[in-house]
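Only one structure is covered here, and it is reproduced in the block below.
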Amino acid sequence: MFVKNQLTELKIEDITDTGEGIGHINGFTVFVSRAVPGDTVRARIIKVKKTYAIAKAEEILVPAAGRVEPECPVAGSCGGCQLSYMSYASQLMLKQKKVEDCIRRIGGFADVPVLPILGMDNPFGYRNKGQFPVGSLIRKEGAGDGKKEPVLGFYAGHSHRIVPTKECMMLWPGHEKILAAVREYLLTSGAKPYDEETGKGLVRHVLMRRGAATGQVSVCLVVNGRSIPKAELLWESLRQIEGVVGLCLNVNTEQTNVILGRETIPLFGSVTITDFIGDVAFEISPTAFYQVNPVQMKVLYDTALSYAGLTGQEVVWDLYCGIGTISLFLAKHAKRVIGVEIVEDAVKNAKANAKRNRLTNAEFHVGAAEDVVPRLIAEDPSVKPDVVVVDPPRKGCEKSLLETILSMEPARIVYVSCDPATLARDLRILADGGYRVDRVQPVDQFPGSVHVETVVLLSKVNTYKE
Ligand code: SAH
């Protein structure tokens with residue numbers, strides 16, 4: 001058994017969702033920070049639990065084949081990118097293997113091939129959205145020693161300690177000017193950073209989002225109040241930054257680690273930005289869910305579109321539709337698209353986006369897919385789908401929804417997933433219900449992180465009952 005502070009040597013076999021290397025000693029699992037799959041490390045045990053131990057790599061004895069020195073100056077301390085110590089090629093191999101393992105082990109599909117993952121040419125600078133916490137740090141040296149000063153950055157892994165950051169290598173070049181403008185504003189305006197512990201202070205987060213196709217950028221401060229002092233000072237510097245179209249406030253007065261509040265107050269310019277996916281225009285509010293990687297979003301949706309096999313005659317359901325991105329992307333190629341989404345505001349956005357693009361064959365319903373779908377199909381059998389697209393959050397689909405989908409007997413099901421484990425679980429249910437898994441296509445939406453998206457095509461197996 002291990003004891004605290006003990007040194008041990010082990011080989012790292014895998015990595016957790018939060019970026020700890022996973023190794024085993026005599027069947028006992030050890031989670032090792034600062035280690036990547038393929039490394040052999042000397043690690044110090046920090047904590048021993050009943051079924052596992054936590055350790056920190058002190059020395060890399062044999063580096064993994066794809067180990068690299070991260071290009072990012074805050075790698076290791078920022079909790080954002082877990083794979084910055086791996087070359088992009090090894091990151092892709094890891095994600096490919098993760099999908100394959102889930103499909104085989106959890107799904108039990110021994111001979112379904114997993115297509116080679118679609119990665120990016122440039123795995124940096126891809127993100128269209130930044131979310132930076134604001135806080136205070138005590139100044140340690142130089143003039144003003146011991147004074148509090150505002151800090152903007154990212155949370156360190158597993159904590160709410162802010163790692164001061166001037167820029168993020170994953171965001172579009174130019175976003176650092178926005179951060180600098182907000183920092184300058186905090187220093188000169190008297191607007192106090194929020195303090196999570198006391199619940200006092202004003203400015204909690206800076207959100208920024210850019211429409212890749214239009215270059216439009218929106219800036220939103222999440223604040224513990226309904227106004228900020230000398231707002232025009234901030235706007236005066238923001239409006240000079242390329243692309244910035246508006247500044248707004250999001251009100252969050254709760255003492256919680258949920259970032260966004262319900263209400264958004266416009267201050268200057270436009271609250272929303274416009275972006276295009278293919279030739280469909282989307283108006284996006286700062287708080288709406290929107291894919292963060294515009295290049296790979298197109299790859300993902302193009303794959304979903306080709307798997308849907310549309311000729312213009314089909315009724316398509318898009319379940320978990322968000323602001324209707326997939327629905328509207330498919331609508332031009334289908335007879336009718338019906339989107340279902342649980343967040344009311346997202347459905348409002350989806351309806352407005354349909355109108356804006358004059359897509360009259362797309363309709364949207366608010367509610368949980370597992371409740372709405374059976375209700376609609378009972379009310380009106382003409383909504384019976386030819387193709388069903390699902391794009392659930394990480395926990396996957398409700399079993400009852402999968403059963404409803406099976407009972408509707410669509411010719412094809414396109415499953416877009418952000419978690420290969422729940423995907424594999426759900427594919428097994430669909431396969432047992434009479435569908436064949438035709439294609440499994442991983443797509444790398446999040447270079448640097450452990451997450452991977454997958455698009456799967458399932459077709460109904462013809463069973464002639466005579
Ligand atoms: N397809 C969209 C959104 C995918 S994210 C896109 O590509 O942009 C998953 C979405 O599922 C979120 O918008 C979330 O609000 C929604 N959601 C979560 N649980 C749901 C449920 N039970 N029924 C319907 N929608 C749900």
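Residue indices begin at 1 and follow the sequence shown. Just follow the structure's listing: the first ligand is 1, and inside any ligand the first atom is 1.
Near V343, with a cut-off below 4.0 Å to any heavy atom, the atoms of ligand 1 are 15 (O). Atoms of ligand 1 found under 4.0 Å from any heavy atom of Q291 (numbered from 1 in listed order, with element): 7 (O). Atoms of ligand 1 lying under 4.0 Å from at least one heavy atom of G367, given by number and element, are 23 (N), 24 (C).
In terms of protein heavy-atom proximity, atom 14 (C) of ligand 1 is closest to E341 OE2, 3.5 Å. When hydrogens are left out, the protein atom nearest atom 18 (C) of ligand 1 is P393 CG, 3.6 Å; that is the closest non-hydrogen contact. For atom 22 (N) of ligand 1, the nearest protein heavy atom (residue, atom name, distance) is E370 OE1, 3.2 Å. In this structure, the protein non-hydrogen atom closest to atom 25 (N) of ligand 1 is I342 N, 3.3 Å. Of all protein heavy atoms, the one closest to atom 7 (O) of ligand 1 is Y301 OH, 2.6 Å. Protein heavy atom nearest atom 11 (O) of ligand 1, with residue, atom name and distance: Y320 CB, 3.4 Å.
Contact check for T274 versus F282: no side-chain heavy atoms found under the 4.5 Å cut-off. In this structure the side chain of I103 reaches within 4.5 angstrom of the side chain of L427, judged on heavy atoms.
Of the N or O atoms in F289, none lie within a sub-3.5 Å distance of an N or O in ligand 1. Between A369 and ligand 1, a contact under 3.5 Å exists for at least one N or O pair. Some N or O of D391 is nearer than 3.5 Å to an N or O of ligand 1, by distance alone.
A salt bridge is absent between R104 and E100; no separation between the charged side-chain nitrogens and carboxylate oxygens falls under 4.0 Å.
Taking CG of L457 as the reference point, atom OG of S306 lies at 8.0 Å (rounded to 0.5 Å).
Side chain of N293 to backbone of V295: a donor-acceptor contact under 3.5 angstrom is found. Distance alone, capped at 3.5 Å, places no donor-acceptor pair between the E341 side chain and the V347 backbone.
Contacts of T325 with ligand 1, taken as heavy-atom pairs under 4.0 Å, involve the side chain alone. At a heavy-atom distance under 4.0 Å, no atom of C418 approaches ligand 1.
The aromatic rings of F132 and F154 sit tilted relative to each other, their planes meeting at an angle between 30° and 60°.
In this structure, R425 places its CZ atom where more than 12 heavy-atom neighbours from other residues, nucleotides or ligands lie under 6.0 Å away. Within 6.0 Å of CD in E197 there are 12 or fewer heavy atoms belonging to other residues, nucleotides or ligands.
Within the structure, ligand 1 lacks A346 among the residues with a heavy atom less than 4.0 angstrom away.
The side-chain hydrogen bond (donor to acceptor under 3.5 Å, both in side chains) check on Y301 picks up T325, with sequence neighbours excluded.
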